[in-house]
**Student:** 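Okay, here's the structure, questions in a sec.
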There are 2 protein chains.
Amino acid sequence: MKDVNLEEAIGLLKTEGYKQTGKRKMMLELFDRHDRYMTAKEVLEEMSREFKGLSFDTIYRNLSTFVSLNILEETELSGEKHFRFVCDSGHHHHHFICLDCGKTRQIHTCPMSALNENLSGYDISGHKFEIYGTCPACQ
Amino acid sequence: MKDVNLEEAIGLLKTEGYKQTGKRKMMLELFDRHDRYMTAKEVLEEMSREFKGLSFDTIYRNLSTFVSLNILEETELSGEKHFRFVCDSGHHHHHFICLDCGKTRQIHTCPMSALNENLSGYDISGHKFEIYGTCPACQ
DNA sequence: CTTCCAAATTAGAATCCTTACGATTTAACA
DNA sequence: TGTTAAATCGTAAGGATTCTAATTTGGAAG
């Protein structure tokens, strides 16, 4: 199940004309394996074990590439960008995010569908609904 | 109406044992007058006209103080902290935020009250619901 | 299996936002 | 007024992120 996503993601690189490098594959494996929000620094630290002398730039550039390819999703927690493998549930949803471990739990209630305000005249480009706290495992 | 809030905010400084300095008063007047989300840099620029040689430290320290006094509220937009006078409507609400001018419009629908997920076992410490876009005036 | 080129990576500097520091000034009270 | 703790200044430090120029490499073409 998850491996399908991983393979799909790696395949997407070729499809879109990006090179399949060992670093990119390891980054994607990392996100697939952890299945939680991670910072660029965390990714760098884990990758550095295998790839010594890894550059900041590589991490940030690839994270940005993956987000634009819709392989990763991004959110900002306490001033730091966090990334996770995009959920494959196939429908729009939101997240409870554990502030300790970064793991998430899907929330299927979307406030936009239940919105009873009149926002005509407003051009809406996006919305964010996140619930923060501590997951059962971290308590 | 808004002046009441401003006076209350200035008065709160004394009540809580903080000094009422000209810089703090001008900062609060600024937020009262603009009534929108502003960055520390925007505040610094406007204040610098009157107070030349104003220090970063003063801006950030006072912004932080005002937030802790519940005079200002804070959110993070594209990697930068934004602050605005806390709304006085007296009840919990959320915001549409114009990404051009920073002005907001209150949203009274709260997703937490309509949440039909079972989150027992999760320790919830907070939530965020924001709608982004362009307000009528900025289109 | 080579050659080749655009893409990827590196190392390090630069940028942006934010916070921290010791020295100086100032608000508020007696 | 004088005193004192709080506020401010000037600047440096910090962390996250982006940029640049030089080098390396994936992978398509021969």
Side-chain angles (χ1 to χ4, degrees), chain A residues 9-30 37-69 71-84 102, chain B residues 9-30 37-69 71-84 102:
Chain A
I10 293 176
L12 195 59
L13 288 176
K14 177 170 286 181
T15 306
E16 298 291 323
Y18 292 92
K19 290 181 180 173
Q20 299 179 336
T21 69
K23 280 150 196 156
R24 283 179 174 164
K25 285 179 185 171
M26 185 184 173
M27 278 183 72
L28 293 174
E29 280 163 14
L30 209 68
Y37 274 112
M38 290 192 292
T39 64
K41 203 209 298 187
E42 285 178 305
V43 174
L44 179 65
E45 279 169 4
E46 287 223 31
M47 302 255 312
S48 294
R49 294 192 201 128
E50 188 156 337
F51 297 98
K52 62 162 228 158
L54 186 58
S55 171
F56 288 110
D57 195 54
T58 302
I59 301 293
Y60 283 107
R61 184 172 24 71
N62 284 336
L63 287 174
S64 168
T65 299
F66 293 154
V67 169
S68 73
L69 288 176
I71 292 173
L72 297 183
E73 54 189 304
E74 177 184 349
T75 195
E76 197 143 330
L77 302 173
S78 58
E80 229 174 326
K81 288 182 182 176
H82 288 62
F83 302 86
R84 60 158 294 139
Chain B
I10 292 176
L12 194 58
L13 288 177
K14 177 171 287 182
T15 306
E16 297 291 323
Y18 292 93
K19 291 181 179 172
Q20 298 179 335
T21 68
K23 279 151 195 156
R24 283 178 173 163
K25 285 179 185 171
M26 184 182 173
M27 276 183 73
L28 292 174
E29 281 162 13
L30 208 69
Y37 274 112
M38 289 193 291
T39 64
K41 203 209 300 187
E42 285 178 305
V43 175
L44 179 65
E45 279 169 5
E46 288 222 30
M47 303 253 314
S48 294
R49 294 192 201 128
E50 188 156 338
F51 297 99
K52 62 162 231 161
L54 186 59
S55 170
F56 288 110
D57 195 51
T58 301
I59 300 293
Y60 282 106
R61 184 172 24 72
N62 285 335
L63 286 174
S64 168
T65 298
F66 293 154
V67 169
S68 74
L69 288 176
I71 292 173
L72 297 183
E73 56 190 302
E74 174 185 350
T75 195
E76 196 143 331
L77 301 173
S78 58
E80 227 174 328
K81 287 182 181 175
H82 288 62
F83 303 85
R84 60 158 294 139

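Side chains included, hydrogens not; waters and symmetry mates left out as well; all remaining heavy atoms used. Protein chains get the first letters and strands the later ones, always in sequence-line order, with residue 1 at the start of each.
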**Student:** When you check the phosphate oxygens OP1 and OP2 of C:dC17, does a side-chain N or O of B:K41 lie under 4.0 Å from one of them?
**Tutor:**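 It does, given that an N or O in the side chain of B:K41 lies less than 4.0 Å from OP1 or OP2 of C:dC17.
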**Student:** Whether the side chain of A:R24 engages the backbone of A:K19 through a donor-acceptor N/O pair (distance < 3.5 Å, no angle test) should be reported.
**Tutor:** yes
**Student:** Among residues 52-65 of chain A, which contact DNA chain C at a heavy-atom distance under 4.0 Å?
**Tutor:**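 Of all residues in residues 52-65 of chain A, the ones placing a heavy atom under 4.0 Å from DNA chain C are A:G53, A:L54, A:S55, A:D57, A:T58, A:R61, A:N62.
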**Student:** To the nearest Å, give me how far apart CG (A:L69) and C1' (C:dA8) are.
**Tutor:**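 Whole-Å distance recorded here is 15 Å.
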**Student:** Distance check, rounded to the nearest 0.5 Å: A:M26 atom CE versus A:N62 atom CG?
**Tutor:**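 Here the rounded value is 13.0 Å.
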**Student:** Rounded to the nearest Å, what distance is computed from the CG atom of residue B:L13 to the P atom of nucleotide D:dA6?
**Tutor:** 15 Å
**Student:** How many whole angstroms separate atom CD of A:E16 from atom P of C:dA8?
**Tutor:** 12 Å
**Student:** Roughly how many Å is it from CE in A:M26 to C1' in C:dT9, rounded to a whole number?
**Tutor:**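 Roughly 16 Å, once rounded to whole Å.
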**Student:** B:E76 CD to D:dT17 P: how many Å, rounded?
**Tutor:** 10 Å
**Student:** Could you state the NZ-P distance from B:K23 to D:dA6, rounded to the nearest angstrom?
**Tutor:**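 So the NZ-P distance, B:K23 to D:dA6, works out to 18 Å.
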**Student:** Nearest 0.5 Å, please: how far is CG in A:L13 from CD1 in A:I71?
**Tutor:** 5.0 Å
**Student:** Counting primed atoms plus P, OP1 and OP2 as sugar-phosphate and everything else as base, spell out the protein contacts along nucleotides 24-30 of chain C at 4.0 Å heavy-atom distance: B, S or - for each nucleotide, 5' to 3'.
**Tutor:** --BBS--
**Student:** What are the two closest heavy atoms between B:L12 and B:L69, and how far apart are they?
**Tutor:** CD2-O, 3.7 Å
**Student:** With A:E46, which of A:E42, A:E50, A:R49 fulfils side chain to side chain contact (heavy atoms under 4.5 Å, CB included)?
**Tutor:** A:R49
**Student:** Yes or no on side-chain contact (heavy atoms from CB on, under 4.5 Å) for B:K41 and B:E45, after CA distance, side-chain angles and deciding distance?
**Tutor:** CA-CA 6 Å; B:K41 203 209 300 187; B:E45 279 169 5; 3.6 Å; yes
**Student:** In whole Å, what is the span from the CD atom of A:E74 to the P atom of D:dT17?
**Tutor:** 9 Å
**Student:** How close do A:M27 and A:I59 get, counting heavy atoms only, and between which atoms?
**Tutor:**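 So the two residues come closest at CE-O, 4.0 Å.
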**Student:** Quick one: B:K81 NZ to D:dA16 P, roughly how many Å, whole number?
**Tutor:** 13 Å
**Student:** Let me know which of B:L63, B:L30, B:L44 forms a side chain to side chain contact (heavy atoms under 4.5 Å, CB included) with B:M38.
**Tutor:** B:L30
**Student:** Atom NZ in A:K81, atom OG1 in A:T39: separation rounded to 0.5 Å?
**Tutor:**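 Going from NZ on A:K81 over to OG1 on A:T39, the span is 12.5 Å.
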